[in-house]
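All remarks here apply to the structure that follows.
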Amino acid sequence: MARAYITTPIYYVNDRPHIGHAYTTTLCDVWARAMRACGEDVFFLTGTDEHGVKVEKSAQERGISPKALADENSAEFRRVLGTFGLTNDDFIRTTEPRHERQVQEFVRRLLATGAVYAGEFEGWYDESQEEYVTETRAKECNYLSPVSGKPLVRAKERNYYFRLSAFQERLEAFFAANPGFVRPEARFNEVKGRLRDGLQDVPITRTNFTWGIPMPNDPEHVIYVWIDALFNYATALGLAEPDGGTRRDWWPARYHVIGKEILWFHAVVWPAMLMALELPLPGCVYAHSFWISNGQKMSKSMGNFIDLPTIERYVAAYGLDAWRWAMITQGPLGATDADFVPKQFHELYTAQLVNTFANCASRTSAMIGKYFDGTLPCAPEGGRPASIAPGSPTWQALVDGARDRSLEHYRAFELDQAADAALSIIRAVDASINETQPFKLAKDPANLPEVGAILACCAQGVRAAAALLQPILVTKADEVLASYGGCTPTDLVRDGGWGTLAAGTTITKCAPFMRVDAPPA
RNA sequence: GCCGAUGUAGCUCAGCUGGUUAGAGCGUUGGAUUCAUAACCCGAAGGUCGGCGGUUCGAGUCCGCCCAUCGGCACCA
């Protein structure tokens, strides 16, 4: 069985969960479910990033230990997974012993090969913020702290560096050979553009705080959180364990799904580190864009974050599946940000889920109930044209074609298009009903065989569409499938295609998505 | 400042290598219909394709300039 490894970023415990976290994780979940249903052996990882000066400070402010803060917020992130019906196979925390010992092992290896070395860093230091500012930024600010306005001081620090500069050519060659390594394409261009400006070595340790993994040979130094965090993708599989890990066959990841703000580390630093460790590189770093809120960037100062309580109100009003549908079909999978607008959420729900998907499932099942007592009178004929229009494809070609497109889109992480391909079957069923008017034919009993033949095809279409939408509509698709003769699909190639319904199958009336008055306040 | 992108109907967007009256979905609106969750179906209104100039027989589509918006610019997890 083919192995497929997909990851979310690990979420920084200093944040509260919001739509961004929900979005990234839902994307991965849909892909994981779809690939499992295509017969792949999927490993889906998420987790929390728990070290760093920010966590240390926040904990101090609250008078608790960093570990206590991390425990609390990590638990909150795990609770969120329950809310969204996510099916991650593991949840890694960077404070777990399995992670810490492996990070140290990786760093030891990097030291041994010379990819990590001890060096001096000199730069402009902002004492009020306890951080260095770049040369250009310092100049911009007239060598005054951009925050406190106090003069910056020239400071020197001994640090460990990762020899990123040594990987410039190998990265360029790798990028040239793997045009799909960073997606969407516009993001890849940004990365390549920056790469052309040249690479500098990056410090990978800190001495100004202690909440982190100690440098193996030099415990005065703490491994910088970023380096610590990136390794989670490997430590979760146990790659640096003495036996190479029981999960090593999942390596490398097919997709690292991330937000665009952390692209550089994933697209450049991470591959370079893996090259240094002689580990295979991931297939794709998918950097989605951001949700904005009513046309405005979400920010703490604006107080317009779509936070967990807000999301929960939507889930309560519309159901989890409707929320997931909005994430997948309206989300910022491309290079531009997507706007979360309550009115649009509502209209989308009504137009696509209620009026298209649910209504079609409802009208088809209603007619089978009315004219055939809820029993499919005959098997669907695949060779029948799907429309009276000349040159129309046969039902089987139409449904299997939509299935193939949908699965291809799922595989390629074009989740919105995967959903649309599935919905195209529903639109075809609706069109077919409108053209052939079985509800009129049924008035003359002599026409019943023809009515049955029409409705059998429609039912088969609805069933295939529901199966294809199951990775997104995890609850409602099952309801429809249950009404149309079967349960949860285990094989999307079969269940999402033609030929799964037999004569005599019981079809019960179903109404998966009901109208909702208005979006929550 | 540097690099990159985007700007097409009220909203979200399609428009490949330039070629008849610029498209889709949603929204608005008129009608038709009843199998269906006031759904589905048909029709209508609505765009000087950011602005100016250029190349061309012909430009939303190529070139230049300008305007606007957005993103990236490394230690920010």
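Close to B:C40, at under 4.0 Å from its OP1 or OP2, lies a side-chain N or O of A:Asn355. For A:Arg515, no side-chain nitrogen or oxygen approaches OP1 or OP2 of B:U37 to under 4.0 Å. Taking 4.0 angstrom as the limit, A:Lys192 places none of its side-chain polar atoms (N or O) nearer than this to OP1 or OP2 of B:G4.
Considering only the side chain of A:Ala358, B:U37 comes nearest among B:U37, B:C40, B:A74. The side chain of A:Thr336 approaches B:C13 more closely than any other nucleotide in the set B:C13, B:C26, B:G71. Considering only the side chain of A:Phe439, B:C35 comes nearest among B:C35, B:A38, B:C75. Between B:C35, B:A36, B:C75, one nucleotide has an atom nearer to the side chain of A:Lys443 than all others, and that is B:C35. Here B:C40 is the nucleotide among B:G27, B:C40, B:C35 with the atom lying nearest to any side-chain atom of A:Asn434. Checking B:U37, B:C26, B:A74 against every side-chain atom of A:Trp264, the shortest atom distance belongs to B:A74. When distances are taken from the side chain of A:Ile433 to each of B:C75, B:C35, B:U37, the shortest belongs to B:C35. Considering only side-chain atoms of A:Arg187, the nucleotide from B:C35, B:A39, B:G71 that sits closest is B:G71. Taking the side chain of A:Gln344 as heavy atoms from C-beta on, and the options B:U37, B:C11, B:G71, the nearest nucleotide is B:C11. Of the candidates B:A39, B:U37, B:G71, the closest approach to any side-chain atom of A:Asn359 belongs to B:A39.
Among the protein residues, A:Leu348 comes within range of no part of the nucleic acid, since none of its heavy atoms lies under 4.0 Å from any strand. When heavy atoms are screened at a 4.0 angstrom cut-off, A:Pro203 is found touching base atoms of the nucleic acid. Here A:Phe265 lies in heavy-atom contact (under 4.0 Å) with a base. Among the atoms of the strands shown, none is found under 4.0 Å from any heavy atom of A:Ala186. Within the nucleic acid shown, A:Val354 comes within 4.0 Å of at least one base atom, counting heavy atoms only. Within the 4.0 angstrom heavy-atom criterion, base atoms lie near A:Ile262. Contacts of A:Glu261 with the nucleic acid, taken as non-hydrogen atoms under 4.0 Å apart, include base atoms. Looking at heavy-atom distances under 4.0 Å, A:Ile10 makes contact with a base. Residue A:Tyr224 is in sugar-phosphate contact alone, with no base atom involved, counting any heavy-atom pair closer than 4.0 Å across all strands shown. At a threshold of 4.0 angstrom between heavy atoms, the contacts of A:Pro184 with the nucleic acid are absent. The residue A:Gly212 sits apart from the nucleic acid: no heavy atom pair falls under 4.0 Å.
Look at CZ on A:Arg196: it is 17 Å from P on B:C2, rounded to the nearest Å. Atom OH of A:Tyr11 is separated from atom P of B:C76 by 22 Å (rounded to the nearest Å). Summarising the geometry, the separation between NZ on A:Lys260 and P on B:G71 is reported as 6 Å, rounded to the nearest angstrom. Rounded to whole Å, the distance from CD1 on A:Ile292 to C1' on B:U6 is 14 Å. For the pair A:Phe357 CZ and B:G25 P, the computed distance is 21 Å after rounding to whole Å. Atom CD in A:Gln437 sits roughly 13 Å away from atom P in B:C41 (whole-Å rounding). A:Leu423 places its CG atom 14 Å from the P atom of B:G25, with the value rounded to the nearest Å.
Using P as the reference atom, B:C11 and B:G58 are 33 Å apart when rounded to the nearest Å. Going from the C1' atom of B:G50 to that of B:A68 covers 7 Å, rounded to whole Å. For B:G60 and B:U55, the P atoms lie 16 Å apart once the distance is rounded to whole Å. Nucleotides B:C57 and B:U48, compared at atom P, are 28 Å apart to the nearest Å.
Remark: the A:Tyr160 side chain and the A:Asp218 side chain contain an N/O donor-acceptor pair separated by less than 3.5 Å. There is a side-chain donor-acceptor pair under 3.5 Å between A:Ser58 and A:Asn14.
Remark: A:Arg78 qualifies as a cation-pi partner of A:Phe91 under the 6.0 Å distance and 45° angle criteria applied to the six-membered ring.
For A:Glu261, the CD atom sits in a packed shell: over 12 heavy atoms of surrounding residues, nucleotides or ligands are nearer than 6.0 Å.
Taking a pair to require two hydrogen-bonding distances under 3.5 Å in either a Watson-Crick or a G-U wobble arrangement, B:A5 pairs with B:U69. Base pairing analysis places B:C62 opposite B:G54; the two distances defining the Watson-Crick or G-U wobble pair are each below 3.5 Å.
Counting all heavy atoms, side chain and backbone alike, A:Cys510 lies closest to A:Ser483 at CB-OG, 3.1 Å.
Between A:Arg206 and A:Asp228 there is no salt bridge, since none of the side-chain N atoms of the basic residue sits less than 4.0 Å from a carboxylate O of the acidic one. In this structure, A:Glu479 pairs ionically with A:Lys476, as a charged nitrogen and a carboxylate oxygen lie closer than 4.0 Å. Salt bridge A:Asp420/A:Arg405: absent, no basic N to carboxylate O contact under 4.0 Å.
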